2 protein chains.
Amino acid sequence: MNTKSEPETAAAYDPGAFDRPSVTVDVVALTARDDRLHVLLVRRGVWPFEGQWALPGGFVKMDEDLYAAAQRELCEETGVPAATYLEQLYTFGAPGRDPRTRVISVAYYALLPGPGGGPACAEPEAGSDAAEARWWPVDALPPLAFDHGEIVATALSRLRAKLGYTSVAYALLPEEFTLSELQRVYEVILARPLDKRNFRKKMLAADILEPTPRQRRVGAHRPAQLYRFTRREAVLLD
Amino acid sequence: MNTKSEPETAAAYDPGAFDRPSVTVDVVALTARDDRLHVLLVRRGVWPFEGQWALPGGFVKMDEDLYAAAQRELCEETGVPAATYLEQLYTFGAPGRDPRTRVISVAYYALLPGPGGGPACAEPEAGSDAAEARWWPVDALPPLAFDHGEIVATALSRLRAKLGYTSVAYALLPEEFTLSELQRVYEVILARPLDKRNFRKKMLAADILEPTPRQRRVGAHRPAQLYRFTRREAVLLD
DNA sequence: TTAATAGTGTCTCTTAGACACTATTAT
DNA sequence: ATAATAGTGTCTAAGAGACACTATTAA
């Protein structure tokens with residue numbers, strides 16, 4: 001490599017002079033459906049962990065932004081469209097976490113609206129290296145390849161935390177929704193029931209929602225007011 | 001690379017088949033001294049950005065844990081002993097952030113006690129690739145190499161946030177300290193004055209401090225009770 | 001005695017959480 | 001009428017923040 005204090009040009013720098021770790025991105029895509037929180041997994045079609053379920057992910061291209069790599073791998077491997085929300089989670093780099101070679105994985109988590117939430121949450125279909133792709137309920141996951149169990153756990157705790165002090169929930173809901181639907185999303189993620197009156201009071205006071213001119217009428221009961229988030233981005237609450 | 005569904009052995013896998021980004025760690029080492037928050041910077045002795053100030057950091061070794069790499073680079077480049085607290089911050093990987101080649105940097109932030117805080121905060125001295133190493137007040141930094149300005153800003157906002165809901169402050173203080181010293185650390189980091197009575201009330205109620213049998217007597221005034229953190233680790237408050 | 005810092009309580013306001021009934025609709 | 005969900009208000013407890021004086025020491 002460079003010797004001390006000798007000016008060099010970019011051309012003279014030899015990036016191949018060292019053994020270098022590989023870099024991947026892995027994506028924990030989450031959605032709420034059937035009153036449960038789900039993660040998108042792919043069944044691996046190749047060694048290692050062939051046949052086991054894993055997070056969608058893959059090698060970062062040489063001139064590709066990490067965020068872009070995460071979006072790309074998510075779409076390529078699972079066929080779902082771009083995530084509504086995608087945020088870097090943590091970088092997992094323990095030597096030995098991948099039997100092939102040293103692989104450092106920059107993990108992202110993605111949020112998508114549930115079914116009926118528009119085109120953003122189409123059903124997955126396996127792409128590239130994946131034999132199969134589908135949503136799994138987070139409370140009943142199969143054994144995961146690599147350290148992906150740990151990555152999923154990290155994503156869940158981050159999502160639960162962020163739900164409390166930001167408006168990220170927008171990314172799990174369609175454009176318009178009822179307050180009951182919003183509450184169900186919170187309950188599913190936090191895995192505990194919330195008081196209806198306190199929930200509505202807090203949400204409406206947070207100044208992140210606005211009523212739309214529409215109502216939703218389904219079933220033999222009073223129709224519900226539809227709301228939308230005033231901003232489709234994660235803003236800090238309070 | 002691997003073709004679909006063909007089992008292979010680790011030996012048959014060729015990690016050199018692709019161009020791969022390089023991976024570095026960069027460390028934002030922070031300490032409170034002279035009533036200001038400081039970052040540890042090194043002046044670069046080599047191209048690129050030769051002569052400019054930068055974060056200590058360097059390439060991750062092939063079999064080295066990321067955390068270990070961060071500790072190592074911090075010590076090697078600046079001569080300071082192991083950080084009291086060291087946590088992964090964020091991974092910066094924009095193509096073009098390093099003129100040499102594609103470099104993905106896993107940033108860590110480190111906390112060290114101020115001078116007089118025992119051996120853990122010795123004065124820095126330049127090592128390996130660095131021409132010079134010294135503490136800089138965060139509110140008066142020189143121009144930084146690469147995207148290191150952004151990395152420092154990220155570290156500061158993370159530290160400010162964590163200060164509010166954990167006991168990380170322990171890492172910036174010596175084993176024993178007065179409540180006034182603790183408050184000064186908070187004020188320096190948050191860059192605003194705090195009410196003495198409210199601060200003490202909250203800290204003592206948080207059940208993370210215990211009085212020691214000692215007092216500190218300096219100057220012509222009442223001596224102060226010395227306290228220590230009951231646990232030398234970052235615990236959640238409330 | 002003075003100068004300098006240590007140490008201490010109360011009141012107010014806001015927020016979080018417990019808690020139960022009426023309104024509207026389709027059948 | 002009934003069943004099903006939408007929608008609504010009050011009270012209490014805890015925490016956050018404003019605010020000013022006494023205690024102890026060295027010089």
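Since the model is a prediction, treat every value here as computed from it, not as a measurement. Lettering follows sequence order; numbering is per chain, from 1.
If you measure from atom CZ of Arg216(B) to atom C1' of dT25(D), you get 16 Å, rounded to the nearest angstrom. Put simply, CZ on Arg217(A) is 13 Å from C1' on dT5(D), counting in whole angstrom units. Rounded to an integer number of Å, the gap from CG of Leu237(A) to C1' of dT14(C) is 16 Å. The nearest whole Å value for the distance from the CD atom in Gln225(B) to the C1' atom in dT24(D) is 14 Å. Taking atom CZ of Arg222(A) as the reference point, atom C1' of dT24(C) lies 6 Å away to the nearest angstrom. Between Leu204(A) atom CG and dT15(C) atom P the separation is 15 Å, expressed in whole Å. For the pair Met203(B) CE and dA16(D) C1', the computed distance is 13 Å after rounding to whole Å. Between the OH atom of Tyr165(A) and the P atom of dA16(C) there is a distance of 16 Å, given to the nearest Å.
Between Glu187(B) and Arg192(B) there is no salt bridge, since none of the side-chain N atoms of the basic residue sits less than 4.0 Å from a carboxylate O of the acidic one.
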**Message:** Go through it in stages, so that I can follow the logic: the residues are Glu123(B) and Arg134(B), the test is salt bridge (Lys or Arg N to Asp or Glu O under 4.0 Å), and I'd like the CA-CA distance, side-chain angles, deciding distance and then a yes or no.
**Reply:** CA-CA 8 Å; Glu123(B) 281 309 301; Arg134(B) 76 171 185 83; over 6 Å; no
Could I get a table of every N or O pair under 3.5 Å where one atom is in the protein and the other is in nucleotides 9-11 of chain C?
| residue | atom | partner | partner atom | Å |
| --- | --- | --- | --- | --- |
| dT10(C) | O4 | Lys201(B) | NZ | 3.1 |

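Comparing dT25(C), dA4(C), dT8(D) against the side chain of Ala220(A) picks out dT25(C) as the nearest. With dA26(C), dA16(D), dG7(C) as the choices, the nucleotide that has an atom nearest any side-chain atom of Lys202(B) turns out to be dA16(D). In this structure, the nucleotide among dT5(D), dT25(D), dG7(D) sitting nearest to the side chain of Pro223(B) is dT25(D).
Judged by distance alone, the side chains of Tyr108(B) and Glu87(B) never bring a donor and an acceptor atom under 3.5 Å apart. Between the side chains of Glu176(A) and Tyr227(A), no donor-acceptor pair of N or O atoms lies under 3.5 Å.
Exactly one residue among Val235(B), Thr84(B), Leu182(B), Leu209(B) makes a side chain to side chain contact (heavy atoms under 4.5 Å, CB included) with Tyr170(B). That residue is Thr84(B).
Between His221(A) and Lys196(A), the one whose closest nucleotide on DNA chain C sits nearer the 5' end is Lys196(A).
The stretch residues 177-194 of chain A has no heavy atom under 4.0 angstrom from DNA chain C at all.
Judged by distance alone, with hydrogens and angles left aside, the side-chain atoms of Asp34(B) form no donor-acceptor pair with the main-chain N or O of Arg36(B) at under 3.5 Å. At least one donor-acceptor pair under 3.5 Å links the side chain of Gln183(A) to the backbone N or O of Leu194(A).
Using bins of under 30°, 30° to 60° and over 60° for the plane-to-plane angle, the ring pair Phe146(A)/His148(A) lands in the tilted bin.
More than 12 heavy atoms of other residues, nucleotides or ligands lie within 6.0 Å of CG in Asp195(B), so this atom counts as buried by the packing criterion.
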